[in-house]
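Since the structure is predicted, the reported quantities are computational estimates derived from the model, not experimental observations. In what follows, chains are A, B, ... by sequence order, proteins preceding strands, each numbered from 1.
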Amino acid sequence: MSQKSSTPSNSPSTPSEETPHRYAAAFACTLELAWQQRWEQDDLYRTHNPGDAGFDASKPKFYCLDMFPYPSGAGLHVGHPEGYTATDILCRYKRMQGCNVLHPMGWDAFGLPAEQYAIQTGVHPRETTRNAIATFKRQLQRFGFSYDWNREFATIEPEYYHWTQWIWLQCYHAYYDASVQRARPIAELEAKFVSQDVLMDVDGSATQVRWSAASPLQRQQHLDRYRLAYLGTQTVNWCPKLGTVLANEEVINGRSERGGFPVMRKPLRQWMFRITAYADRLLEDLALVQWPESTRAMQSEWIGRSEGAEIRFDVLRGASVEGDALSVFTTRSDTLFGATFMVIAPEHPLVAHMLEHPHAETDVAAVRLYIEAAKNRSDIDRQSTSKKKTGVFTGAYARNPATGASIPIWVADYVLMGYGTGAIMAVPAHDERDFEFAKDFGLAIVQVVEIAGLPFDGTHAVSGEGVAINSASALCTLNGLTTSAAQDAMTCALAARKVGAKRVQYKLRDWLFSRQRYWGEPFPVVFDADGLHHPVGEAHLPVLLPALADFHPVESDQPVPPLGKARAWVETTAHAAGVAGLPPETAVRRETNTMPNWAGSCWYYLRYCDPKNNTRFVSSEAERYWMTSRRADGSMHSGGVDLYIGGAEHAVLHLLYARFWHKVLFDLGHVSTPEPFGRLFHQGLIQSHAYQRPDGSLVAVDLVCEVDGKTVERENGAPVTQIIAKMSKTLKNVVNPDDVIADYGADTFRLYEMYMGPLEAAKPWNTRDIIGVHRFLQRAWRLAIDEKSGALLVAATEDAAMERLLHRTIERVGEHIERLGFNSAIACMIELVNAATRPMDLADPTQGGLTRSQLERFTQLLAPFAPHIAEEIWSRLGHATSVHSCVWPVFDAAMLEEHEVEVPVQVRGKVRARIMVPKTATAPETEAIALAHPSVCEALAGVTPKKIIVVAGRMVNIVV
RNA sequence: GCCGGUGUGGCGGAAUUGGCAGACGCAGCGGACUCAAAAUCCGCCGCCCUCUAAAGGCUUGCAGGUUCAAUUCCUGUCACCGGCACCA
């Protein structure tokens with residue numbers, strides 16, 4: 001929406017007959033387009049790789065990456081250019097500082113949104129995606145960003161997803177060796193099984209079946225328990241409306257992140273990633289990277305490491321022990337003596353077992369009713385239910401290994417199957433949830449911890465660390481021990497009897513990687529008649545996504561992948577599919593699931609290093625050059641992209657997935673750094689205005705008008721207040737970048753977004769304010785060019801004060817760019833231009849405010865921010881080569897030295913005088929000058945100062 | 001509830017290590033130019049008291065503390081934004 005018409009009072013000046021050379025919108029747009037064309041012709045922003053002609057190995061490298069966009073039909077919004085302008089300024093600056101800069105751009109184009117849009121419009125996603133990319137590219141290029149477009153690619157291109165599939169195969173062929181904490185080829189594990197002739201489990205326990213006697217299916221299923229990319233049966237999030245399963249991360253409050261459709265829990269056989277194997281390293285290595293604290297905290301919470309113990313409770317039938325023990329995870333093993341009952345999740349296998357084999361007290365009907373109700377209640381209901389807890393007694397009892405007491409086992413949905421073992425020991429005295437449950441159902445409550453300052457009075461649970469009480473039995477005695485000592489004692493005692501052990505638990509779960517959708521990367525894997533999976537050989541990649549006229553997902557209770565419709569593609573032979581190890585004519589079926597949207601963005605930053613390589617996903621030489629860097633002291637750090645800028649909405653998903661893939665590639669020797677992104681920065685959300693009624697509801701901007709200086713609803717005159725809100729179609733407050741560029745030019749747009757405030761802060765778009773930076777560019781232009789004649793304005797003589805200010809500006813602008821303080825950098829340049837403009841006598845067009853040399857250096861400062869106008873001025877100064885190939889101007893520190901400095905003098909904390917003292921004045925000299933000042937004498941009124949603090953060259957504070 | 005972050009004029013914001021709070025921009029006010037308007041240029045512009053001015057007082061969400069000196073450090077507290085949320 002263009003807001004120009006609504007604010008006519010501050011529209012920019014336009015060229016008139018008198019001033020045909022004025023820098024205004026049309027003028028700016030014309031020169032911007034001309035320079036963009038020229039830069040493209042000259043291939044100005046091409047980045048050379050090691051080994052290329054033109055590569056200069058003596059320069060330091062700087063890899064600066066934007067989160068590549070997901071092109072949508074709606075085109076760019078004002079949030080995109082915010083981060084992109086920031087990186088562009090930094091990259092231009094770094095080039096001028098003499099760095100080899102890698103600054104690429106591409107397209108994240110597979111996935112649900114494009115497919116949903118295609119379904120809505122009935123146009124094939126290949127078409128809608130191609131159009132969206134074309135629109136995005138046109139819009140991005142209009143900003144004059146210095147991307148090396150030679151490196152552009154889209155994740156949907158076979159040349160790209162070839163290697164996405166290849167990386168998936170690396171995971172398929174690898175397992176995590178916990179003993180060395182890294183991934184290794186699964187062939188090594190298989191060889192071990194063969195040589196030992198046994199099926200060995202993760203924890204070292206061997207099963208009865210010998211490898212040589214196991215069926216192929218058994219062998220495969222066993223190996224699948226180790227593969228990093230494996231086929232596993234999991235209870236997954238099935239979204240009937242989207243016709244696909246979703247990762248846990250893509251489900252928010254029981255609804256799909258995309259579209260907000262209900263999601264059901266359903267067991268399915270799916271491709272998974274064993275990301276949980278990397279939980280500890282993903283957590284620990286957060287210490288290596290320079291990332292926002294909030295993002296590290298979010299990742300750490302998502303991984304959710306928690307140390308505790310696993311404790312096994314015997315399930316009793318009458319007086320005897322029955323079946324497998326009921327295992328629980330607890331972080332408070334020291335409270336075992338206070339465990340007066342147990343709770344298991346409705347989905348816990350023990351529930352089904354007890355329904356088949358009821359205990360004497362089991363009310364089968366009641367339990368069945370409860371678990372049915374829990375199953376049918378969607379996750380939304382389950383989470384939105386008020387705090388009131390529900391549950392039923394199973395009729396079974398377990399033996400508390402500490403007290404020996406029989407304690408009842410209840411089933412309740414406040415215990416989640418997805419965390420820990422799906423069962424808990426309930427310690428009502430010291431856990432709020434258990435307490436609530438015990439109160440409601442009349443269960444025993446026993447205090448076993450005494451917490452200083454928190455007496456237990458039976459009205460609520462007391463949680464925290466303290467000293468154990470009421471905790472003594474034949475198993476162990478904890479009384480008097482502090483919480484941590486008691487936990488150690490308890491876990492030792494339990495371990496000695498083999499009924500418990502220390503254990504670490506994570507919230508992170510394995511990553512569900514299959515989607516029942518069309519628009520994604522096919523898996524390079526097929527199934528034979530026995531249901532065994534076989535990988536496609538690397539030489540036969542990519543497995544091309546078949547063209548499919550009808551790509552619609554099937555809305556159903558059972559997953560029906562659309563690729564199943566491509567019969568000729570699905571039903572093939574081992575030979576045709578490129579599967580080794582099977583007779584060539586063996587009939588096989590291709591995997592019809594596709595990879596999720598995240599796949600492409602997990603490694604795109606690596607591909608940019610070497611995007612045209614068709615023999616490797618990236619050459620190791622290019623990868624080593626762009627991804628590794630050293631600290632100032634020469635030591636290696638996490639390495640990776642030097643600066644990665646993008647929205648905080650990707651704090652967990654994309655960034656965690658990419659880190660995981662990167663670590664697998666690192667373990668397998670394909671990349672040389674443990675982390676993909678050394679430094680991460682989130683640009684803040686650009687917000688907009690909206691209006692709010694007294695009841696809190698929001699009103700779109702076009703339904704509001706101003707009456708007597710007050711904002712009211714157009715329809716009924718009811719008062720509304722202006723608030724800051726997200727840009728949204730419904731609020732009619734979305735700003736379209738194309739309109740802003742048409743009104744002011746791209747340079748003004750860039751400058752405005754950078755001048756709005758700190759890059760990381762959320763800030764409201766204010767169309768009214770754009771004029772400020774536009775005027776700055778006009779003044780800068782007028783500093784160099786006469787608006788009437790178009791002649792160059794250059795001062796013949798250099799003003800010493802101006803020269804000093806220029807040096808100071810060079811220093812400060814550089815400092816602010818390094819700190820990503822672009823708003824402050826621009827403010828410094830405005831100050832310089834204002835200072836240079838004021839003394840200028842427009843009546844004498846032959847005299848400018850700056851000398852040629854000063855104008856040149858200022859233009860170089862401006863170039864990263866407003867590349868087009870700077871290039872135009874540079875060209876008019878007579879240069880044949882680009883200002884963007886210049887060396888950043890240097891400042892002379894000696895120029896910044898002032899001979900005299902102004903020092904404030906405070907008496908009783910108030911500034912009473914400002915004195916001029918020589919720069920070199922010592923503290924006693926400064927003090928003497930201060931005390932001699934009449935205002936100071938007056939303020940002192942004859943009182944003798946108690947103390948005088950002098951910070952030489954800074955200030956004087958006289959205490960009385 | 002827990003975690004992370006942010007509170008500075010009418011508005012967006014600035015302030016190296018604790019050292020002159022409010023740079024710069026918008027809006028507003030006054031002037032020059034103009035037949036007039038726009039644009040441009042010049043000046044003023046935190047709040048209170050005051051006829052005006054001088055002078056004074058107050059001021060970085062709020063209440064304390066440390067310090068010669070606090071937007072900056074510490075304690076408590078409130079508000080807003082973001083994330084997580086029955087995770088045993």
> Which part of the nucleic acid, if any, lies within contact of A/Arg812, taking any heavy atom under 4.0 Å across all strands shown: a base, the sugar-phosphate backbone alone, or nothing?
Replying inline: nothing
> Counting side-chain heavy atoms from CB outward, which of B/G25, B/A88, B/A15 is closest to A/Thr331?
Replying inline: B/A88
>> I'd like to know whether A/Phe341 forms a ring-ring contact (aromatic ring centres under 6.0 Å, His included) with A/Phe437, so could you lay out the CA-CA distance, the side-chain angles of the two residues, the decisive distance to 0.1 Å, and finally the verdict.
In response: CA-CA 10 Å; A/Phe341 61 101; A/Phe437 195 81; 5.8 Å; yes
> Which part of the nucleic acid does A/Ser306 contact within heavy-atom distance under 4.0 Å: base, sugar-phosphate only, or nothing?
Replying inline: sugar-phosphate
> Charged N to carboxylate O below 4.0 Å: is that the case for A/Glu293 and A/Arg296?
Replying inline: yes
> Any ion pair linking A/Glu82 and A/Lys763 (charged N to carboxylate O, less than 4.0 Å)?
Replying inline: yes
>> Counting the atoms with a prime plus P, OP1 and OP2 as sugar-phosphate, which does A/Ile830 contact under 4.0 Å by heavy atoms, base, sugar-phosphate, or nothing?
In response: sugar-phosphate
> Taking the inter-plane angle between the rings of A/Tyr23 and A/Trp781 on a 0 to 90° scale, is it parallel (under 30°), tilted (30 to 60°) or perpendicular (over 60°)?
Replying inline: tilted
>> Any base atoms under 4.0 Å from A/Pro292, or only sugar-phosphate, or nothing? Heavy atoms, all strands.
In response: nothing
>> Please give the stem ranges for RNA chain B, sorted by first residue number, where a stem is three or more consecutive Watson-Crick or G-U pairs and both donor-acceptor distances are under 3.5 Å.
In response: B:1-7 with B:78-84, B:10-12 with B:24-26, B:28-32 with B:40-44, B:46-48 with B:56-58, B:61-65 with B:73-77
>> Counting the atoms with a prime plus P, OP1 and OP2 as sugar-phosphate, which does A/Met756 contact under 4.0 Å by heavy atoms, base, sugar-phosphate, or nothing?
In response: sugar-phosphate
> For A/Asn957, which contact category applies under a 4.0 Å heavy-atom criterion: base, sugar-phosphate, or nothing?
Replying inline: base
